[in-house]
Amino acid sequence: MTTVAVLLAGGTGTRLGAGRPKQFLPLGPHTVLEQCLEVFGGCSAVDEIVLVMEPDHLAEARRLVGGGAHPRVAAVVAGGATRAESTRQALAVIGEDVTHLLVHDVARPLVSRALVEACRTALREFGAVTPVVAPADTVVEASADGRTLERVLVRDRVRRVQTPQAFRAEVLRAAHAAAVREGDDTATDDCGVVARHLPDVTIGLVDGEETNLKITLPGDLELAERLLAGRSPVVP
Ligand SMILES: Nc1ccn([C@@H]2O[C@H](COP(=O)(O)OP(=O)(O)OP(=O)(O)O)[C@@H](O)[C@H]2O)c(=O)n1
Ligand SMILES: C[C@](O)(CO)[C@H](O)COP(=O)(O)O
């Protein structure tokens, strides 16, 4: 059995507005990207890493991993126009012999190795797995224009979805193939692609981590910096 971790860094970071993709911004002693490579590179559950990079920064990423500091990186490929396309770019270079896949947002650099291992382990029971956290707030559905409350959701049943998401390889491949066939690129995560296109697959949930935040908006990087500084080992 072989497990490949797909690290998605194909985005440009428009909402953060830092002038360059957030994956190259400093975080602690490294960058956001290096922090992720460090976590996954040290996971016993991960055999190889495929890094998906924003096309204009492909050469920079290849230089970074070419120095020998990240020996588990097997390939660096160009990202697509959407997150789902970026996942498919990785699937295109991953061999059919690979049995298990992890897909992670590089924008979530504070993920712990324990969470990566928990997601991989849950694949013994499920075809797909995602970490989730329960919201502390009441959650509502807004109207299409966002100005009024449409529906109050049952909070006990609502979860916020994180990455890494884990898949038996044939499940993720089949789900993305169906999405392409049906011309559907609306899912915002890979478990969403499975849920939409392979509804018979049971997607398992594991406990995510509040600290596994997605660096998205201005201020998120400073928060990540403070959380990282508060840890004793760099990767718990
Ligand atoms: N075409 C894309 C878009 C996003 N991503 C990756 O998916 C993760 C989650 O995306 P997001 O937080 O939206 O990152 P960006 O696309 O960079 O940000 P923005 O949407 O603000 O431009 C990130 O690690 C991002 O690099 C990707 O691999 N390919
Ligand atoms: C995959 C994800 O991080 C799960 O919460 C999220 O859907 C990514 O959304 P984005 O708009 O691509 O940042």
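Counting starts at 1 for both ligands and their atoms, following the listed order. The structure presented is a predicted model; accordingly, all values stated were derived computationally and were not measured. Numbering starts at 1 and runs along the sequence shown.
- Here the side chain of Q89 pairs no donor or acceptor atom with the backbone of V52 at under 3.5 angstrom.
- Atom CG of residue L213 and atom CZ of residue R160 lie 9.5 Å apart, to the nearest 0.5 angstrom.
- V158 and V140 fall into different hydrophobic clusters, where Ile, Leu, Val, Met, Phe, Trp and Tyr side chains are chained together by heavy-atom contacts under 4.5 Å.
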Are R168 and L101 close enough, and set up right, to give a side-chain contact (heavy atoms from CB on, under 4.5 Å), and what steps lead you there?
CA-CA 6 Å; R168 294 185 191 154; L101 298 165; over 6 Å; no
Would you sort out whether T3 and R120 count as a side chain to side chain donor-acceptor pair (under 3.5 Å), showing the intermediate values?
CA-CA 9 Å; T3 302; R120 171 64 183 84; 2.8 Å; yes
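- Within 4.0 Å of ligand 2, protein heavy atoms come from R15, R83, D105, R108, V161, T163, T188, D189, K214.
- There is a side-chain donor-acceptor pair under 3.5 Å between T130 and Q165.
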Give every pair made of an N or O atom of ligand 1 and a protein N or O atom lying under 3.5 Å apart, one pair per line with both atom names and the distance to 0.1 Å, or write 'none'.
unit_1	atom_1	unit_2	atom_2	d
ligand 1	1 (N)	G80	O	3.0
ligand 1	1 (N)	T82	O	3.3
ligand 1	12 (O)	K22	NZ	3.0
ligand 1	12 (O)	K214	NZ	3.4
ligand 1	13 (O)	R15	NH2	2.7
ligand 1	14 (O)	K22	NZ	3.2
ligand 1	17 (O)	T12	N	3.2
ligand 1	17 (O)	G13	N	2.8
ligand 1	18 (O)	K22	NZ	3.3
ligand 1	20 (O)	R15	NE	3.3
ligand 1	20 (O)	R15	NH2	3.1
ligand 1	21 (O)	T14	N	3.3
ligand 1	21 (O)	T14	OG1	3.3
ligand 1	21 (O)	R15	N	2.8
ligand 1	21 (O)	R15	NE	3.0
ligand 1	22 (O)	G13	N	3.4
ligand 1	22 (O)	T14	N	2.8
ligand 1	22 (O)	T14	OG1	2.5
ligand 1	24 (O)	L8	O	2.7
ligand 1	24 (O)	V106	N	3.2
ligand 1	24 (O)	A107	N	3.2
ligand 1	26 (O)	G10	N	3.3
ligand 1	26 (O)	G11	N	3.0
ligand 1	28 (O)	G10	N	2.8
ligand 1	28 (O)	S86	OG	3.4
ligand 1	29 (N)	S86	OG	2.7

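- The stretch residues 193-202 participates, sequence neighbours left out, in these salt bridge (Lys or Arg N to Asp or Glu O under 4.0 Å) pairs: D184-R196.
- Here salt bridge (Lys or Arg N to Asp or Glu O under 4.0 Å) pairs that include residues 47-60, with residues two or more places apart or in two chains, are R20-E60.
- Side-chain atoms of T148 and S143 form a donor-acceptor pair, as typed in the model, at a separation below 3.5 Å.
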